[in-house]
Amino acid sequence: MFTIATWNINSVRLREPLVARLLSEEAPDILCLQEIKSPVEKMPLQGFADLGYRHVVARGQKGYNGVAILSRLPIEDAGDRDYASLGHARHVAARLENGVTIHNFYVPAGGDIPDRAQNEKFGQKLDFLTEMRDAFHADKPQKSIMVGDLNIAPREDDVWSHKQLLKIVSHTPIEVEHLGAAQDAGKWVDITRKDIPSGLLYSWWSYRAKDWDAADKGRRLDHIWATPDIAGAGHGSRILRPVRGWQQPSDHVPVFASFDL
DNA sequence: ATGGTAGATATTCTA
């Protein structure tokens, strides 16, 4: 059995102490980070290694984006892909010794206006998702887990108000459709929703709310999916809401799942 | 309808 977590950390250098706290208190076998906002060579890796996380596969860049996989179990680099040719560090993959492949994604946020004619970033987000679909269609993933900040809350109960968010980027029908096409192409099973099939679930709360906890205007942007051959081994999903209340938090909280493999 | 916060970097962009 192993546990895997995904967390948009919004600067791994600033929040090194929070990452260390999560590793100490929750001890996932694998932690996938997004928005590390750092070149790989400037990541604070020594402290994580001292906690037992000696295996790292990462893609970084200065100031923006960046994804990393920290692991207590041996992993090998399984490559990356520049989806939508943005030149951004938004994907990396690693392989465990048991043959399971881990994909770590940071899908573009997409700007504020949900119209590709008025907002280039929204078009890039849709193109990124379309290329994910095509890649999963061309090369059907097997024994794979895919996690990350997908920047889309697909279900009505993944947002605080379905009606009020229908025209808000992250919950528009066209984004949900594009994400669904990528999911279908890989036959990916949403492990979080397999374990917790109904009810409101959020993994992100804006920094802009006066009182995020009281207002509770959250969205489920962070996901853990698995291919059908191993989805049955997935269980024990958790979203660690209290982490949003830690000192100087990320606006995202970690999402966990376990796999009996 | 508007503006609200946060981080990296440079005085603006991205989220």
Side-chain angles (χ1 to χ4, degrees), chain A residues 6-22 32-45 58-68 82-91 104-116 118-129 147-154 158-161 163-172 174-176 178-179 202-223 241 243-255:
Chain A
T6 179
W7 193 11
N8 177 318
I9 194 61
N10 188 16
S11 174
V12 70
R13 281 186 275 176
L14 187 71
R15 279 184 253 286
E16 176 186 3
L18 278 75
V19 174
R21 180 175 171 187
L22 185 81
C32 297
L33 298 171
Q34 303 86 34
E35 263 202 290
I36 63 173
K37 289 185 171 177
S38 170
V40 174
E41 60 272 20
K42 290 193 174 181
M43 287 181 69
L45 293 178
R59 299 292 186 273
Q61 65 183 91
K62 184 180 169 187
Y64 302 97
N65 311 314
V67 286
D82 180 14
Y83 289 85
S85 304
L86 301 173
H88 297 172
R90 294 181 178 274
H91 168 253
N104 182 13
F105 278 95
Y106 176 46
V107 172
D112 289 332
I113 303 168
D115 176 352
R116 72 187 311 155
Q118 294 179 61
N119 169 20
E120 183 185 34
K121 291 190 192 334
F122 192 73
Q124 291 171 350
K125 181 178 195 175
L126 298 180
D127 292 345
F128 192 105
L129 293 161
V147 309
D149 176 5
L150 305 184
N151 265 313
I152 296 172
D158 289 337
V159 294
W160 65 275
S161 168
K163 193 175 172 185
Q164 286 179 259
L165 290 174
L166 272 171
K167 293 181 179 176
I168 302 298
V169 172
S170 74
H171 192 61
T172 64
I174 189 160
E175 290 169 86
V176 172
H178 277 64
L179 184 66
Y202 311 142
S203 65
W204 172 90
W205 293 261
S206 173
Y207 283 125
R208 297 175 189 177
K210 282 195 176 73
D211 184 339
W212 71 272
D213 194 24
D216 201 20
K217 293 183 173 180
R219 307 177 199 171
R220 187 172 72 104
L221 304 180
D222 303 276
H223 301 267
R241 180 184 176 110
V243 172
R244 186 62 176 77
W246 288 2
Q247 280 284 318
Q248 202 171 30
S250 168
D251 44 355
H252 296 252
V253 299
V255 178

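Labels below follow one simple rule: chain letters A, B, ... track the order of the sequence lines, proteins then strands, and each chain is numbered from 1. All values derive from a computational prediction rather than experimental measurement.
Applying the 4.0 Å criterion to OP1 and OP2 of dA15(B), one finds that R90(A) has a side-chain N or O inside that range. Regarding contacts with the backbone of dG7(B), every side-chain N or O of R13(A) stays at 4.0 angstrom or more from both OP1 and OP2. Between S11(A) and dA8(B) there is a side-chain N or O to OP1 or OP2 distance below 4.0 Å. Regarding contacts with the backbone of dG7(B), a side-chain N or O of Q248(A) is found under 4.0 angstrom from either OP1 or OP2.
Rounded to whole angstrom, the span from the CD atom of Q247(A) across to the C1' atom of dG7(B) amounts to 17 Å. Atoms NZ (K125(A)) and P (dT14(B)) sit 15 Å apart, rounded to a whole Å. Rounded to an integer number of Å, the gap from H88(A) NE2 to dC13(B) C1' is 11 Å. Note: CG (N65(A)) to P (dA15(B)) measures 7 Å, nearest angstrom. For the pair H252(A) NE2 and dT5(B) P, the interatomic distance rounds to 18 Å; values are reported in whole Å.
Both V12(A) and N8(A) sit near DNA chain B, but only V12(A) has its closest nucleotide nearer the 5' end. Along DNA chain B, the nucleotide nearest D149(A) and the nucleotide nearest A209(A) are compared for position; the residue whose nucleotide lies closer to the 5' end is A209(A).
Side-chain N or O atoms of K125(A) include one that pairs as donor or acceptor with a backbone N or O of N151(A) at under 3.5 Å. Although no hydrogens or angles enter the test, the distance criterion places a donor-acceptor pair under 3.5 Å between the side chain of Q61(A) and the main chain of A89(A). Put simply, the side chain of Y207(A) gets close to the backbone of P249(A): a donor and an acceptor are under 3.5 Å apart. Using modelled atom types, no side-chain atom of W205(A) and backbone atom of D216(A) make a donor-acceptor pair closer than 3.5 Å.
Checking dA15(B), dG7(B), dA6(B) against every side-chain atom of K37(A), the shortest atom distance belongs to dG7(B). Proximity note for K121(A) (side chain, C-beta onward) versus dT14(B), dG7(B), dA6(B): the nearest is dT14(B). Taking only side-chain atoms of N10(A), from C-beta outward, the nucleotide of dT9(B), dA15(B), dG7(B) with the closest atom is dG7(B). Between dA15(B), dT5(B), dA8(B), one nucleotide has an atom nearer to the side chain of L14(A) than all others, and that is dA8(B).
Checking Q34(A) against T6(A) by side-chain atom types alone, a donor-acceptor pair falls below 3.5 Å.
K62(A) comes within 4.0 angstrom of the backbone, heavy atoms only, and of no base.
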